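A short worksheet on the structure shown next.
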Amino acid sequence: MAKQTSLENLADNLDEIFKDFIHSSFEKRQEALQAGAEAYIAILESTAPRDTGEYAQSFRVKTKYKDRRYVGNIKTVSGGGKDSIPLSNILEYDKEGKHFGFMRQTFDNNESTIFNAIKNKLNN
């Protein structure tokens, strides 16, 4: 038999139901976010500027925080001395370079594809 609740407790009971749903769908959300990140990486790899090809092959997903995915590139170049600079920073933020904003523009131009990957994973 269904548990009855008074209108006074309705908001608290709904909060509890939503919390249960959020916790029960945690793994599915993580899988969906990963699918979106992987779709983004596939697009980045296929459209990345190429010299040696190392940059295109160096995109990675960070999964340090739940419900978040950070896509970056691990390819670095020498900054002189012991310092090395992420190549993605140079390409992304050099306003005079021909690849200025590459990662952001790639995301913006392919947002629907990335979100469809997320939605498809959630629907399966």
Side-chain angles (χ1 to χ4, degrees):
M1 183 172 184
K3 180 182 173 183
Q4 290 188 343
T5 185
S6 69
L7 287 177
E8 296 166 355
N9 296 330
L10 184 60
D12 291 336
N13 289 337
L14 284 174
D15 282 345
E16 192 62 36
I17 290 169
F18 290 136
K19 284 180 191 173
D20 290 345
F21 172 75
I22 287 170
H23 292 303
S24 69
S25 64
F26 176 78
E27 287 301 320
K28 190 69 170 170
R29 285 194 327 265
Q30 303 318 297
E31 292 171 9
L33 286 171
Q34 190 66 26
E38 289 172 8
Y40 181 38
I41 285 178
I43 296 165
L44 286 168
E45 288 174 342
S46 69
T47 59
R50 283 190 167 45
D51 183 13
T52 65
E54 276 185 80
Y55 178 71
Q57 297 170 357
S58 299
F59 289 100
R60 302 291 187 271
V61 178
K62 287 185 182 180
T63 59
K64 185 175 179 179
Y65 303 104
K66 64 182 177 178
D67 291 332
R68 301 279 188 273
R69 294 296 182 271
Y70 295 97
V71 174
N73 194 293
I74 61 170
K75 174 69 177 143
T76 59
V77 294
S78 176
K82 293 191 278 184
D83 297 329
S84 58
I85 303 167
L87 181 57
S88 60
N89 285 11
I90 296 169
L91 295 176
E92 193 70 12
Y93 301 111
D94 178 11
K95 290 182 180 182
E96 296 177 18
K98 65 181 180 178
H99 303 295
F100 174 68
F102 164 72
M103 291 180 69
R104 180 77 234 183
Q105 288 175 12
T106 301
F107 179 85
D108 290 345
N109 293 338
N110 296 279
E111 190 173 354
S112 62
T113 301
I114 296 163
F115 287 136
N116 281 335
I118 294 169
K119 286 191 287 190
N120 289 340
K121 191 67 170 181
L122 287 172
N123 289 331
N124 289 336

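All heavy atoms count here, side chains included; hydrogens, waters and symmetry mates do not. Everything quoted here is computed from the prediction, not taken from an experiment.
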Considering all heavy atoms of both residues, which atom of Ile118 and which atom of Ala32 are nearest to each other, and what is their separation?
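Looking at all heavy atoms of both residues, the closest pair is CG1-O, 3.4 Å.
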Exercise: identify the closest heavy-atom pair between Glu54 and Lys75
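Closest approach of Glu54 to Lys75, heavy atoms only: OE1-NZ, 3.6 Å.
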Do Pro49 and Leu91 have side chains that approach each other closer than 4.5 Å (heavy atoms only, starting at C-beta)?
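Answer yes - side chains close enough.
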Which residues pass the side chain to side chain donor-acceptor pair (under 3.5 Å) test with Arg50, not counting sequence neighbours?
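For Arg50, no residue satisfies side chain to side chain donor-acceptor pair (under 3.5 Å) once neighbours in sequence are set aside.
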May I have all residue pairs that pass salt bridge (charged side-chain N to carboxylate O under 4.0 Å, His left out) and include part of residues 59-70, sequence neighbours excluded?
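Counting only pairs at least two positions apart or across chains, the salt bridge (charged side-chain N to carboxylate O under 4.0 Å, His left out) contacts touching residues 59-70 are Arg29-Asp67.
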Can you tell me how far apart [atom1] ([X]) and [atom2] ([Y]) are? Round to the nearest 0.5 Å.
| X | Y | atom1 | atom2 | answer |
| --- | --- | --- | --- | --- |
| Ser25 | Gln30 | OG | CD | 9.0 Å |
| Ile114 | Asp108 | CD1 | CG | 9.0 Å |
| Lys119 | Ser112 | NZ | OG | 8.5 Å |
| Ile90 | Asn73 | CD1 | CG | 11.0 Å |
| Phe115 | Leu122 | CZ | CG | 12.0 Å |

Which donor-acceptor pairs under 3.5 Å do the side chains of residues 36-47 make with protein atoms, sequence neighbours left out?
unit_1: Glu38; atom_1: OE2; unit_2: Gln34; atom_2: NE2; d: 3.2
unit_1: Tyr40; atom_1: OH; unit_2: Met103; atom_2: O; d: 2.7
unit_1: Ser46; atom_1: OG; unit_2: Ala42; atom_2: O; d: 3.4
unit_1: Ser46; atom_1: OG; unit_2: Ile43; atom_2: O; d: 2.9
unit_1: Thr47; atom_1: OG1; unit_2: Ile43; atom_2: O; d: 2.8

Tell me, please, which residues at least two apart from Asp94 pass side-chain contact (heavy atoms from CB on, under 4.5 Å).
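For Asp94 the side-chain contact (heavy atoms from CB on, under 4.5 Å) partners, ignoring immediate neighbours, are Glu96.
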Qualifying ring pair (Phe, Tyr, Trp, His ring centres under 6.0 Å) pairs with a residue from residues 56-78, counting only residues at least two apart or across chains
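Residue pairs with at least one partner in residues 56-78: Tyr55-Phe59.
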If you group Ile, Leu, Val, Met, Phe, Trp and Tyr whenever their side-chain heavy atoms sit less than 4.5 Å apart, what else falls in with Leu33?
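Leu33 clusters with nothing; isolated.
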Counting only heavy atoms not in Asp51, do more than 12 fall under 6.0 Å of its CG?
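It does not: Asp51 CG has 12 such atoms or fewer within range.
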Report whether Phe100 and Phe102 are members of the same hydrophobic cluster (ILVMFWY, side-chain heavy atoms less than 4.5 Å apart, transitive linking).
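Looking at the clustering, Phe102 is in a separate group from Phe100.
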